[in-house]
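Note sheet for the following structure.
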Amino acid sequence: MYVITGATGNTGSVIAERLLAAGEKVRVVGRDPKRLERFTQNAAESSIADATDAGALTNAFAGAKAVYAMIPPNIASPDVRAYEESVGDAVRSAIEKNAIKYAVVLSSVGADKSHGTGPVLGLHGLEKKLEGTPGLNALFLRPGYFMENLLPQAGVIQSLGSMAGPFKDSLPMAMIATRDIGAFAAEALLKLDFAGKSTRELQGSRDVTFAEIAKIVGAAIGQPDLAYMFVPAAQLKPALMQMGMSPNMADLLLEMADALNSGHMKMLEPRSPANTTPTTLKTFVAEVFLPAYRG
């Protein structure tokens, strides 16, 4: 039995689908039974659990050969760090109580740092909690910046006529499609060929700057002159809050942007075939961003 947390999310859904397609027994974990139906109709078991509920997660993990563990985003939380700590504690408790032997864990670039990384600090904490769990073989995946984080730019382009954000336009970023993270995690769960505690960076197909991203997006939407505008934090925070973020989440996101801009958060491994993933930004824009932009 494989147990997948965050099963309705971008990475968890890909993992669940791939494991089911391989004929494996899968239990999907989430808060909303309706959203889990796509998997239960395909022979998966479901377990209803809030990510912060250690008791419910312990029940969900019962009998698992391996788990996919992650901290589901909670952008409206008034105290994001407290929420992340609570999820991390619940995951560790559920793994320890069930003596789980294998976990693939969604972490992030920058999780090696113990300060100044915004919401990524919660993933540093999750890694540390599970590093101290005896008998657990854990593979911590540290992907780059999600290409899906570009989707809100569809609305920005429509209202401002340009792309805009808190990153320097010349900053090379390792950007990855979440489906590639899901595919890598599913493969790792099927093979279970990792031992002890280890990390694996996932760097996307290549590094891109926001100046390049604007060119790629502009070509796709028929605006070849589309530009990207750097927006200072003080101006950006109200816009982030309008998108549904708590003031605390907006502050943490802007701290993360500063950490990427300064190089405090960066990939540690040289790029290699092992940490490079297939989906290019051009493909993502054509297949995911463009339909979203068109509404």
Side-chain angles (χ1 to χ4, degrees), residues 1-17 19-20 24-108 111 119-141 182 185-186 188-189 192 194 197 246 248-249 252:
M1 173 68 73
Y2 289 100
V3 176
I4 312 301
T5 63
T8 58
N10 285 329
T11 59
S13 59
V14 172
I15 298 165
E17 282 164 6
L19 294 178
L20 287 166
E24 299 292 342
K25 285 173 68 179
V26 173
R27 184 181 299 137
V28 288
V29 183
R31 285 182 305 179
D32 184 349
K34 287 289 298 173
R35 293 184 66 202
L36 295 174
E37 276 177 6
R38 58 189 274 210
F39 305 111
T40 54
Q41 287 164 358
N42 197 12
E45 286 183 20
S46 68
S47 187
I48 310 307
D50 185 276
T52 60
D53 185 337
L57 269 195
T58 298
N59 291 339
F61 285 13
K65 172 165 79 167
V67 302
Y68 176 66
M70 51 100 68
I71 298 179
N74 185 0
I75 64 168
S77 171
D79 187 344
V80 175
R81 290 288 300 112
Y83 162 76
E84 291 176 321
E85 281 297 304
S86 177
V87 176
D89 287 340
V91 167
R92 175 175 59 186
S93 173
I95 284 174
E96 286 179 350
K97 286 187 173 155
N98 286 294
I100 302 293
K101 292 282 181 286
Y102 289 94
V104 173
V105 183
L106 181 61
S107 186
S108 169
V120 174
L121 195 56
L123 300 171
H124 171 82
L126 179 62
E127 286 194 15
K128 291 294 171 212
K129 289 179 205 295
L130 297 183
E131 276 172 14
T133 302
L136 174 69
N137 301 293
L139 177 61
F140 301 112
L141 302 183
L189 286 165
L192 295 181
F194 51 93
K197 313 296 193 289
S246 67
N248 176 243
M249 179 66 207
L252 289 173

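Computed from a predicted structure; not experimentally measured.
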- Compare all side-chain heavy atoms of Glu131 with those of Phe140 and state whether any distance is below 4.5 angstrom. yes

- Indicate yes or no: at least one non-hydrogen side-chain atom of Lys65 is less than 4.5 angstrom from one of Lys25. no

- How would you list, by chain and number, every residue that makes a side-chain contact (heavy atoms from CB on, under 4.5 Å) with Asp50, sequence neighbours excluded? Arg31, Thr52, Asp53

- Query: Between Ala16 and Phe39, what is the shortest heavy-atom contact and its length?
  - Reply: CB-CE2, 3.7 Å

- Message: Measuring from atom CG of Leu192 to atom CG of Leu139, what distance do you get when rounded to the nearest 0.5 angstrom?
- Response: 10.0 Å

- Item | Heavy-atom pair with the smallest gap, counting every atom of Ala49 and Val29 | CB-CG1, 3.9 Å

- Message: To the closest 0.5 Å, what do you measure between OG (Ser107) and NE2 (His124)?
- Response: 9.5 Å

- Report yes if the side chains of Lys128 and Arg92 come closer than 4.5 Å at any heavy-atom pair, otherwise no. no

- Task: Indicate the atoms forming the closest heavy-atom contact of Glu84 with Ile71, along with that distance.
- Result: O-CD1, 3.9 Å

Under 3.5 Å, which donor-acceptor pairs do the side chains of residues 2-10 form with other protein atoms, sequence neighbours left out?
unit_1, atom_1, unit_2, atom_2, d
Tyr2, OH, Leu189, O, 2.8
Thr5, OG1, Tyr68, O, 2.7
Thr5, OG1, Met70, N, 3.3

- Message: Which heavy atom of Val120 sits nearest to which heavy atom of Ala111, and what is that distance?
- Response: CG1-N, 3.7 Å

- Hey, could you give me the CG/CG distance between Leu126 and Leu106, rounded to the nearest 0.5 Å? 9.0 Å

- Query: Taking side chain as C-beta onward, heavy atoms only, is Val87 less than 4.5 Å from Pro72?
  - Reply: yes

- Within the distance-only criterion (no hydrogens, no angle test), does the side chain of Asn137 pair as donor or acceptor with the backbone N or O of Lys101 below 3.5 angstrom? yes

- Message: To the nearest 0.5 Å, what is the distance between CD1 on Ile15 and CD on Glu24?
- Response: 13.5 Å

- Item | Side chains of Met249 and Ser77 in contact at under 4.5 Å (non-hydrogen atoms) | no

- Note on the structure: Distance col, row Ser13:OG vs Leu36:CG, nearest 0.5 angstrom, shows 11.0 Å

- Mind checking whether Thr40 and Glu37 have side chains closer than 4.5 Å, heavy atoms only? yes

- Taking salt bridge (charged side-chain N to carboxylate O under 4.0 Å, His left out) as the test, write out the residues that go with Lys197, two or more places apart. none

- Query: Atom CD1 in Ile75, atom CG in Asn248: separation rounded to 0.5 Å?
  - Reply: 12.0 Å

- Where do Arg81 and Leu121 land on the side-chain contact (heavy atoms from CB on, under 4.5 Å) test, with the steps shown first? CA-CA 8 Å; Arg81 290 288 300 112; Leu121 195 56; 3.5 Å; yes

- Message: Between Ser86 and Ala82 (side chain of the first, backbone of the second, donor and acceptor by atom type, cut-off under 3.5 Å), is there such a pair?
- Response: no

- Task: Measure from the side-chain N and O atoms of Arg27 to the backbone N and O of Ala62, and report whether any donor-acceptor pair falls under 3.5 Å.
- Result: yes

- When you measure from the side chain of Asn98 to the backbone N and O of Ile100, does any donor-acceptor pair fall under 3.5 Å? no

- Message: If I compare all heavy atoms of Val80 with all of Asn74, which pair ends up nearest, and what's the gap?
- Response: CG2-O, 4.2 Å

- Considering non-hydrogen atoms only, spot the tightest contact between Phe61 and Ala94 and give its length. CD2-CB, 3.5 Å

